[in-house]
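Chain A is the first sequence line, chain B the second, and so forth, proteins listed ahead of strands; every chain is numbered from 1.
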Number of protein chains: 2
Amino acid sequence: MSGVPELVVLRLLAQREMYGYEIARTLKVLSQGALTLGEGVLYPALHALETRGLLRALPRQVEGRTRIYYRLTPRGRRRLARLAANWQQLSEGVGRILGVADHD
Amino acid sequence: MSGVPELVVLRLLAQREMYGYEIARTLKVLSQGALTLGEGVLYPALHALETRGLLRALPRQVEGRTRIYYRLTPRGRRRLARLAANWQQLSEGVGRILGVADHD
DNA sequence: AGACTATACCTCGCTGTGCGAGGTATAGGA
DNA sequence: TCCTATACCTCGCACAGCGAGGTATAGTCT
């Protein structure tokens, strides 16, 4: 399947550590609304990524609320590279098919 | 989700009518292997699209074998337009996220 | 004749993703 | 007091995607 949520989460965390709610907001802004991860997608995804050893969780108290920051592990970084390459391929493949003008 | 199989099938059929096996081969070639629809994906997808009125089936006998050609209906054409636009948005959104150099 | 490959269709059943809906709790403004 | 924003969470459904397997014909090679 697409694996888009996993891909974009890893990509954001490759730049700097972020917490869940922040990731959701950032994705919405960056993609200009084209890619909105609901919390029912995001949080389970983060937990799965952590369990699989691609992220490390760093809980912190900020202004009376708990934030769980996530940081990419080396394995996570490798995984990101693979997923990004896959996406690139898929994206180009689909683009090529959408773009065929007339092809015997 | 992505809906990529549906999208590319509709796109191919928007050019000319094709039969299942041909669609599979064509996709493989056009996408340069990046997008291979297994028969377990393709045939059920074609049936679903026909049931939903997006395709019309045209069985023909060719050299002793049955081929089922599919042709896009007007509804199918409209559906394709919507899916293509969605894909464009998603693709650009993901691209923007993957491409962020440094953002703070 | 027998075996194998390519063409051409099909179904069944699993897996896992994606997702909405709902739930908890704190801080702060109206 | 109530509502909104922040910040986390889980449950359970729906459904796509996919492999594996099955049928049948035509042609080729041995």
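Among residues at least two apart or in separate chains, side-chain hydrogen bond (donor to acceptor under 3.5 Å, both in side chains) pairs with a member in residues 28-55 of chain A are A:E6-A:R52.
Taking only side-chain nitrogens and oxygens, A:R25 never comes nearer than 4.0 Å to OP1 or OP2 of D:dA5. In this model, the phosphate group of D:dA7 is approached by a side-chain N or O of A:Y19 to a distance below 4.0 Å at OP1 or OP2.
Comparing the start and finish of the helix from C:dA1-D:dT30 to C:dA30-D:dT1, five pairs each, the helix axis swings through 0°, to the nearest 10 degrees.
Partners of A:R82 under the side chain to side chain donor-acceptor pair (under 3.5 Å) rule, at least two apart in sequence or in another chain, do not exist in this structure. For B:R71, the side chain to side chain donor-acceptor pair (under 3.5 Å) partners two or more places apart in sequence, or in a different chain, are B:E17.
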Atom pairs under 3.5 Å: protein N/O with N/O of nucleotides 27-30 of chain C:
from   : atom 1 : to    : atom 2 : distance (Å)
C:dA27 : O4'    : A:R65 : NH2    : 3.1

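In this structure, A:M18 atom CE and D:dC8 atom P are separated by 11 Å, rounded to whole Å. The NZ-P distance, from B:K28 to C:dT7, rounds to 10 Å in whole Å. Regarding B:I23, its CD1 atom lies at a distance of 16 Å from the P atom of C:dT7, rounded to whole Å. One interatomic measurement links the two molecules: CG of B:L27 to P of D:dC18, which rounds to 12 Å at whole-angstrom precision. For the pair A:I68 CD1 and C:dT24 C1', the interatomic distance rounds to 14 Å; values are reported in whole Å. Between the CD atom of B:E6 and the C1' atom of D:dC15 there is a distance of 13 Å, rounded to whole Å. Here C:dA8 presents its C1' atom at 9 Å from CZ of B:R67, a figure rounded to the nearest Å. If you measure from atom CD of B:Q61 to atom P of C:dC9, you get 11 Å, rounded to the nearest angstrom.
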Report the C-alpha distance between A:L58 and A:Y70 in whole Å, list the side-chain angles of each, state the deciding distance to 0.1 Å, and finish with yes or no for side chain to side chain contact (heavy atoms under 4.5 Å, CB included).
CA-CA 6 Å; A:L58 308 152; A:Y70 290 94; over 6 Å; no
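No side-chain heavy atom of A:I68 sits under 4.5 Å from any side-chain heavy atom of A:Y19. Side-chain contact between A:V29 and A:R25: absent, with no pair of heavy atoms (C-beta onward) separated by less than 4.5 Å. Side chains of A:L27 and A:L12 form a contact here, defined as non-hydrogen atoms less than 4.5 Å apart. Side-chain contact between B:L30 and B:L35 is absent, with no heavy-atom pair separated by less than 4.5 Å. Counting heavy atoms from C-beta outward, A:L55 and A:T73 have side chains that stay 4.5 Å or more apart. Contact of the A:L7 side chain with the A:N86 side chain is not registered, since no non-hydrogen atoms from C-beta on lie closer than 4.5 Å.
Remark: A:G40, A:V41 in residues 36-56 of chain A come within less than 4.0 Å of DNA chain C through at least one heavy atom.
B:R60 forms a cation-pi arrangement with B:Y69, by the criterion of a distance under 6.0 Å to the ring centre and an angle within 45° of the ring axis.
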